[in-house]
Chemist: 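Mind having a look at this structure? Questions to follow.
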Amino acid sequence: MALRPFLGDHLSQTGKAADELRDVILCIAQAGIQIQAALRKTDTGLSGTQNQFGEEQVKLDIVSDDIIQKHLKESGLVASFISEEQKDVIELSSTAPYSVVYDPLDGSSLVDVNFAVGSIFGIYRGAELIGKKPKQQVAALYVLYGPRTLLVYCTGNGVHEFILNDTGEFILLRKFLKVSDTAKNFAPGNLSSIMDDKPYHDVFHAWLKDKMTLRYSGCMVADIHHILSKGQGVFTYPAGSKYPDGKLRLVFECGPFAYLMEHAGGAASDGTGDIMDKKITDIDQRTPIIIGSKKEVERVCDLLS
Ligand code: P6P
């Protein structure tokens, strides 16, 4: 295979993805290319509408969601999908092989400050999503829109990183990303909760005592990519008074990242159990998350328990 194969060839040869799964991922990659173009020219203002969580939507949330929906529909391979920007499961076909869950533009409130933002995707076999667990995903991937446009995917055979080149092709950058057991960096979400959450205060104190380095951007895709790219780190977003079940969603944020992190040798917990084992009961289900280097995740869970 070429030194820097195209995404499609790599999906078949190294990712060992079935042809139809490869094609769904290639459609998602095409949507990512259109979204990164839209980021450069679309107004970052508010759309005047709210999503299912009552959160203000920026125009780019809507634009990104429309781009992804168009590509999923045109693929003819998607039975149903769940988008953070839609309040119900959207059914397309009862016979198509896969279903897709996604957050079209995670961190969209950061576009106006020119921080990196991303799209997150999880892929399941069949039409049903409610009742499934993230460990039943057959693939997960994200597209990270920063100074470079990167795509990281896993179809069960390693986690692999691609970069969008100047002819509009995703080519391999690094294969088989690995996360070591110990962390040097920490990404502390919901940090304000240390004021009334002693265990989380103790976690923060342990990180400072161990002279670990903070790396937090406010976009989960960028902060999780930091761990996969550096090969170490921990990201936490525990529950707190403002978010009693945690802020981040199981279906289209924590589930796909748990799949990627575990396949890179890391871990993802809700504080008491694996995110990969959490049953999807509702599309807008939230969960606390501690994710990254395995031993650091264990240490944080012990301190939080
Ligand atoms: P906070 C972005 O809005 C997001 O959903 C994730 O991308 C990010 O990790 C988190 O929320 C940031 O939350 O409370 O730090 O603004």
Side-chain angles (χ1 to χ4, degrees), residues 32 35 39 44-47 49-62 64-65 68 82-86 101-122 140-146 150 152 183 185-197 200 203-204 207 214-229 233-258 260-261 266 268-271 275 283-292 297 300:
I35 291 171
L39 286 168
T44 60
L46 291 177
S47 63
T49 57
Q50 295 186 345
N51 67 12
Q52 60 176 313
F53 306 101
E55 293 162 342
E56 285 297 312
Q57 290 173 309
V58 296
K59 290 187 181 73
L60 278 161
D61 285 324
I62 309 291
S64 305
D65 190 45
I68 294 167
I82 296 178
S83 160
E84 182 186 67
E85 304 307 329
Q86 305 296 326
V101 297
Y102 66 91
D103 180 351
L105 201 60
D106 179 66
S108 55
S109 61
L110 297 168
V111 173
D112 62 331
V113 300
N114 209 24
F115 275 21
V117 295
S119 305
I120 313 165
F121 302 86
L141 65 149
Y142 58 81
V143 186
L144 180 59
Y145 314 103
L150 302 177
V152 172
N185 294 130
F186 65 95
N190 206 7
L191 191 57
S192 58
S193 69
I194 68 172
M195 300 308 283
D196 53 27
D197 179 345
Y200 198 30
V203 169
F204 191 69
W207 286 333
L214 182 145
R215 286 289 181 271
Y216 191 79
S217 77
C219 171
M220 191 178 191
V221 183
D223 293 333
I224 300 291
H225 183 69
H226 192 282
I227 297 172
L228 290 167
S229 179
V234 64
F235 172 96
T236 54
Y237 209 107
S241 52
K242 189 176 172 191
Y243 298 109
D245 298 323
K247 173 185 183 186
L248 301 171
R249 285 81 177 194
L250 175 64
V251 176
F252 30 69
E253 287 165 331
C254 300
F257 284 128
L260 288 160
M261 192 59 71
S269 170
D270 66 357
I275 296 271
I283 64 173
D284 63 357
Q285 188 176 349
R286 296 174 191 264
T287 176
I289 183 166
I290 301 100
I291 182 170
V297 169
V300 171

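Computation of the quantities below employed the complete heavy-atom set of this structure, encompassing side-chain atoms and omitting hydrogens, waters and symmetry-equivalent molecules. Order of listing sets the numbers, starting from 1, for every ligand and every atom in it. The model shown is predicted, which means the values in this text are computed figures rather than measured ones.
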Chemist: Are the side chain of Arg249 and the backbone N or O of Asp284 linked by a donor-acceptor pair below 3.5 Å?
Modeler: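 No: the side chain of Arg249 does not pair with the backbone of Asp284.
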Chemist: Leu39 and Val117: side-chain contact (heavy atoms from CB on, under 4.5 Å), yes or no, with the steps?
Modeler: CA-CA 10 Å; Leu39 286 168; Val117 295; 4.2 Å; yes
Chemist: Does the N or O separation between Tyr237 and ligand 1 drop below 3.5 Å for any pair?
Modeler: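 Yes; the residue has a nitrogen or oxygen that sits under 3.5 Å from a nitrogen or oxygen of the ligand.
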Chemist: Ligand 1 versus Tyr243, non-hydrogen atoms closer than 4.0 Å: side chain, backbone, both, neither?
Modeler: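 Neither; nothing of Tyr243 gets under 4.0 Å from ligand 1.
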Chemist: Which ligand 1 atoms, with their elements, are less than 4.0 angstrom from a heavy-atom of Cys219?
Modeler: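 That gives atoms 7 (O) of ligand 1.
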Chemist: Just wondering, are more than 12 heavy atoms of other shown residues or ligands nearer than 6.0 Å to CZ in Phe115?
Modeler: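 12 or below, so no.
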Chemist: Would a 4.5 Å heavy-atom cut-off, applied to side chains only, mark Ile275 and Thr287 as touching?
Modeler: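 Of all side-chain heavy-atom pairs linking Thr287 with Ile275, at least one is under 4.5 Å.
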Chemist: Where's the contact between Asp223 and ligand 1, heavy-atom distance under 4.0 Å: side chain, backbone, both or neither?
Modeler: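 Near ligand 1, Asp223 shows nothing, with every heavy atom at 4.0 Å or more.
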Chemist: With a cut-off of 4.0 Å, which atoms of ligand 1 are near a heavy atom of Glu253?
Modeler: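 Going through ligand 1 atom by atom, the ones under 4.0 Å from Glu253 are 5 (O).
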Chemist: Would you tell me whether Gln86 and Asp65 have side-chain atoms, one donor and one acceptor, within less than 3.5 Å of each other?
Modeler: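 A pair is found: one side chain offers a donor N or O, the other an acceptor, under 3.5 Å apart.
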Chemist: With atoms numbered from 1 as shown, which atoms in ligand 1 lie under 4.0 angstrom from a non-hydrogen atom of Tyr216?
Modeler: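 Per the distance check, 1 (P), 12 (C), 13 (O), 15 (O).
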Chemist: Given Glu55, Lys242, Lys247, which one has a non-hydrogen atom that is nearest to atom 13 (O) of ligand 1?
Modeler: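 Result: the heavy atom closest to atom 13 (O) of ligand 1 is in Lys247.
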Chemist: Please determine whether side-chain contact (heavy atoms from CB on, under 4.5 Å) holds for the pair Phe235 and Tyr216, giving the CA-CA distance in whole Å, both sets of side-chain angles, and the decisive distance to 0.1 Å.
Modeler: CA-CA 9 Å; Phe235 172 96; Tyr216 191 79; 4.0 Å; yes
Chemist: Give a yes/no on ligand 1: does Asp106 have at least one heavy atom closer than 4.0 angstrom to it?
Modeler: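 Heavy atoms of Asp106 do come under 4.0 Å of ligand 1.
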Chemist: Do any heavy atoms of Gly189 fall under 4.0 Å from ligand 1?
Modeler: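 No, that is not the case, since the closest heavy atom of the residue is not under 4.0 Å from the ligand.
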Chemist: Could you tell me if the side chain of Tyr142 sits less than 4.5 Å from the side chain of Asp106, heavy atoms only?
Modeler: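 They are not in side-chain contact.
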Chemist: Any N/O of Met220 closer than 3.5 Å to an N/O of ligand 1?
Modeler: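 Yes.
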Chemist: Are Ile35 and Leu105 close enough that some pair of their side-chain heavy atoms sits under 4.5 Å apart?
Modeler: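 Contact flag for Ile35/Leu105 side chains = yes.
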Chemist: How close does the nearest protein non-hydrogen atom get to atom 8 (C) of ligand 1, and which residue and atom is it?
Modeler: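 Answer for atom 8 (C) of ligand 1: Gly218 O, 3.3 Å.
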